[in-house]
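These notes concern the structure reproduced below.
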Amino acid sequence: MNRLIIIKYGELTTKKGNIKFFIKTLKKNIERELSDLDFTIEYDNGRMFIFSEDLETIENRLKYIFGIHEIIKGYEYDSIDIEDIKENLRKLVENIEIDTFKVCTKRSYKGYPMTSMEISKVLGGVVLKNVPSSKVDVHEPKLVIDVEVRLNKSYIYFESTPGLHGYPVGVQGKGMLMLSGGIDSPVAGFLAMKRGVRIEGIYFESPPHTSEAAKEKVKNLTKILSNYSGYVKLHVINFTEIQEAIYKNIPHEYLITIMRRMMYRITERIAHKNNAKIIVNGESIGQVASQTLTSMAAINEVVKIPVVRPVACLDKLEIIEISKKIGTYETSILPYEDCCTIFVPDHPVINPELNKCQEYESLIDFENLIKEAIRSEEVLTITKTEKKFEDLL
Ligand code: ATP
Ligand code: MG
C-alpha cells in the first residue's frame, strides 16, 4: 500500500481559457513550498497526486497554498479484487467515528466485473457493518469515501481537509501593497493574494520619528504574509523629509491628505518600476477622516494606476477576525508608532478640497523630495516563517 495526497483545485477548473497556466502556476508554487522534501507529483484531470514518505508535513504546508480546494488523504493498492478492496476499506474505517457517509466509486477500468454502483453498495455495507455509528446519506454526507478502480490498482480517498481556495499566487501578476504596521493592510494583502496577485510590500518610514522596532514589526508582518506565497519583497522608503516638509509648510488639517497623496505618488512609481499592475492598500470606507469617500477621491486623484482596497467594505471587527485567522493580529497590535500616527493633526479635514490640495502642494518642491525618497529605497526579500496552521479561510 502507498499513501498519497490528492489535491483538488475546484475554482480553477471553471477558468477554461487559462486552465493550463493556472495549473502550471499552482504546481510551481507547490514545488517551491515542498522543495526541501522528497516527493513526486503527478497530475491528471482536475487533480494532483503527491507521493511521499512525509505526508503529514506536506499536508500541513499545502494548507497555506492558494488555489487548492481540497486536500485528501489517499491510499493506493496493488490489488483490484473486490475482496481485497473490502478488507482495505475495513482497515481504514474500523477504529474511527463516522456519522453520515457515502461511497462514490469511479471505475476507469471498464472491464471490471462489477459496476460502480455495485462496488459502492458493497463497500457501503463494509462501513455500516464495521462502524456502528455510521449511516448512509447520499445527499449531504459528512464523509465522502471515494474509491477508484484502475486497470491494476485501486485507490481509496479518505478524509479531506479544506484548502485555502482562491487562485494560485502569481496568476494575476503583481500588486504593490501599502503595508503599515496596522491591522488592515496585512489583511488586504492576504485577500489580494487569495485572488492570485503576487504582493510586494511598500513601507514608508520616518526615522527618527519612527523607530527601528516599528520597521521590524512591518518586516515581521511581511514574513507572516510570505507564509502564503513563499516570499514577499518589501520596499522600504525613507519618508522623513517629505513628512517634515509637509508638517512645516501645510495647514495642519490637510497634513494627512497631502501625506497620503505623496505616498500614493511614490507607490505608483515603485509599482511601475517593478511591473506591478495595481496598488493594494488597507483603506476601509469611513474608518478615519482620510477614508471618507471625499478623502479617498482627493487622495486617489494623484495616480492613474488602479487602487484595489480589499477591506474597503468590511467592518473593523470582520477585518480583525481575518487577521486573527491568518496570524497577523498579534503582531499588528504591538504598540509601535506609525509615521501617520506621529503627525496626526487634532482636526483632520473630512472633506478635503482638491484645489486646496493642489494649492498647498505648489508651495513646496515635492518633485525633488519624491525623487530623493525613491533614491532612498531599500529592498528586502522576506521568506516564510515556520508553519503554524490555524483554521484558515
Ligand atoms: P492599518 O491598520 O493597515 O495601519 P489604518 O486603519 O491604520 O490601517 P491608515 O493609517 O489611515 O489606516 O492607513 C490606511 C492605509 O494606508 C493602510 O492600510 C496602508 O495600506 C496605508 N499606509 C498607511 N501608513 C503607511 C505606511 N507607513 N507605509 C505604507 N503604507 C501605509
Ligand atoms: Mg495604519
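Just follow the structure's listing: the first ligand is 1, and inside any ligand the first atom is 1. None of the values given here were measured: they were computed from a predicted structure.
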What part of [X], side chain from CB on, backbone N/CA/C/O, both or neither, has a heavy atom under 4.0 Å from ligand 1?
X      : result
Leu179 : backbone
Glu205 : neither
Ile256 : neither

Side chain or backbone, does [X] bring an N or O within less than 3.5 Å of an N or O on ligand 1?
X      : result
Gln291 : yes
Gly282 : yes
Val288 : no

Using the rule given for salt bridge (Lys or Arg N to Asp or Glu O under 4.0 Å), can you reason through Glu359 versus Lys356, listing the C-alpha separation, both sets of side-chain angles and the distance that settles it, and then say yes or no?
CA-CA 5 Å; Glu359 182 195 326; Lys356 283 196 182 158; over 6 Å; no

Contact summary for Ser284 and Ile319, nearest pair of heavy atoms
OG-CD1, 4.2 Å

Heavy-atom pair with the smallest gap, counting every atom of Ala188 and Gly282:
CB-CA, 4.0 Å

If you count the atoms of ligand 1 from 1 in the order shown, which ones are under 4.0 Å from a heavy atom of [X]?
X      : answer
Gly182 : 1 (P), 2 (O), 4 (O)
Asn281 : 20 (O)
Gln287 : 5 (P), 6 (O)

So between [options], whose heavy atom ends up nearest [atom]?
atom                    : options                        : value
atom 16 (O) of ligand 1 : Glu283, Met178, Arg260         : Arg260
atom 8 (O) of ligand 1  : Val307, Asp184, Leu221, Ile183 : Asp184
atom 27 (N) of ligand 1 : Phe239, Phe204, Tyr264         : Phe204

In one Ile/Leu/Val/Met/Phe/Trp/Tyr side-chain cluster, 4.5 Å: Ile285, Val307:
no

Relative to each other, are the rings of Phe190 and Tyr228 parallel, tilted or perpendicular (30° and 60° limits)?
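Perpendicular: the ring planes of Phe190 and Tyr228 meet at over 60°.
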
On the 0 to 90° scale, with breaks at 30° and 60°, tag the Phe158-Tyr75 ring pair as parallel, tilted or perpendicular.
perpendicular

Phe204 vs Thr267 side-chain heavy atoms within contact, under 4.5 Å
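Answer yes - side chains close enough.
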
Check the pair Phe366 / Tyr360 against ring-ring contact (aromatic ring centres under 6.0 Å, His included), numbers first and verdict last.
CA-CA 11 Å; Phe366 278 121; Tyr360 297 151; over 10 Å; no

